[in-house]
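Computed from a predicted model, the values in this text were never measured in an experiment.
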Amino acid sequence: MPQMRAMSNSAFASERRLLMGVLFTFIGVALFAAIDIFADLHEGTTISHVVAEAGILLVAMLGSIVMAYRLMLTLRRARAAQAEAVELAAQLELTRAEASRWRGEVRDLMKGLSAAIDQQFDRWDLTPAEKEVALLLLKGLSHKDIAEVRSVTEATARQQARAVYKKGGL
């Protein structure tokens with residue numbers, strides 16, 4: 001997140017510097033054109049020359065206005081992006097805290113569930129092999145899958161499953 005913020009700030013700073021440079025260039029051209037027109041009027045130059053320089057002054061002033069507007073928009077976007085980044089960072093921290101809390105709760109629930117299953121298997125007086133089969137049945141494995149996992153025949157897996165069901169009263 002800090003890298004993204006740095007890249008974003010750097011891009012806005014670069015655009016801001018460019019726009020400021022262009023703005024000052026247009027203002028400088030407008031200022032020099034105005035000074036030149038004023039000097040030309042006092043020296044008695046031709047009207048066509050003054051009109052041409054007035055056109056340059058007008059273009060420079062319009063350019064200054066456009067650049068000032070673009071600069072304001074860029075700065076507004078930069079402030080909005082910065083505010084959004086801060087808000088997203090805060091939301092991310094809240095989400096991380098909530099995820100950590102959920103992980104802790106799930107871990108506690110899983111421990112409790114595991115303990116409850118073990119207690120029930122002990123009440124049913126299951127052998128270690130029957131406990132293993134019962135857990136595999138709880139996971140949804142078929143008799144064939146259980147036989148493969150336990151490296152026994154399918155008939156043995158089926159017999160152990162029957163013993164689990166019988167001891168559990170199922």
Q: Could you walk me through whether R79 and L75 pass side chain to side chain contact (heavy atoms under 4.5 Å, CB included), step by step?
A: CA-CA 6 Å; R79 281 191 294 274; L75 293 175; 3.9 Å; yes

Q) Going through the checks in order, is the side chain to side chain contact (heavy atoms under 4.5 Å, CB included) test met by Q160 and R150? A) CA-CA 11 Å; Q160 289 171 328; R150 297 195 65 243; 2.6 Å; yes

Q. Passes side chain to side chain contact (heavy atoms under 4.5 Å, CB included), L137 versus Y165? Steps please.
A. CA-CA 10 Å; L137 287 169; Y165 295 141; 3.7 Å; yes

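Comment: R101 engages E105 in a salt bridge, judged by a side-chain N to carboxylate O separation of less than 4.0 angstrom.
With hydrogens and angles ignored, the 3.5 Å screen pairs a side-chain donor or acceptor of E130 with a backbone N or O of T127. Under a 3.5 Å cut-off, the side chain of K167 and the backbone N or O of D125 do form a donor-acceptor pair. Proximity of a side-chain donor or acceptor of T156 to a complementary backbone N or O of V152 within less than 3.5 Å is not detected.
In this structure, A161 and H143 approach most closely via the heavy-atom pair CB-NE2, 3.5 Å. The two residues T45 and L41 come nearest to each other via the heavy atoms CG2-N, 4.5 Å. Heavy-atom minimum distance, V164 versus A134: CG1-CB, 3.9 Å.
A 4.5 Å side-chain heavy-atom check between R76 and L71 finds every atom pair outside the cut-off.
No chain of hydrophobic side-chain contacts below 4.5 Å, direct or via other Ile, Leu, Val, Met, Phe, Trp or Tyr residues, connects L58 to I47. Placement of F26 and M72 in two distinct hydrophobic clusters is found when ILVMFWY residues are connected by side-chain heavy-atom separations under 4.5 Å, directly or transitively. Under the 4.5 Å side-chain heavy-atom criterion for Ile, Leu, Val, Met, Phe, Trp and Tyr, I27 and M61 are members of distinct hydrophobic clusters. Grouping the Ile, Leu, Val, Met, Phe, Trp and Tyr side chains by contacts below 4.5 angstrom, directly or via other members, places F38 apart from V51. Note: the hydrophobic cluster containing V133 also contains L170 (ILVMFWY, side chain heavy atoms under 4.5 Å, direct or indirect links).
For the atom pair Q120 CD and D122 CG, the distance stands at 9.5 Å (nearest 0.5 Å). Here the CG atom belonging to L126 is positioned 7.0 Å from the NZ atom belonging to K131, to the nearest 0.5 angstrom. Here the straight-line distance linking atom CG of D40 with atom CD of E53 works out to 4.5 Å at 0.5 Å rounding. Interatomic distance, I37 CD1 to I56 CD1, rounded to the nearest 0.5 Å: 8.0 Å. One finds the CG atom of L135 at 6.5 Å from the CD1 atom of I117 (value rounded to the nearest 0.5 Å). Rounded to the nearest 0.5 angstrom, L136 CG and S142 OG are separated by 10.0 Å.
Within 6.0 Å of the CZ atom in R70, the count of heavy atoms belonging to other residues, nucleotides or ligands does not exceed 12. Annotation for E148: atom CD does not count as buried by contact number, only 12 or fewer foreign heavy atoms lying within 6.0 Å.
Side-chain contact check for Q159 and R162: at least one donor-acceptor pair (N or O, by modelled atom type) lies under 3.5 Å.
W124 and F121 have tilted rings, their planes meeting at an angle from 30° to 60° on a 0 to 90° scale.
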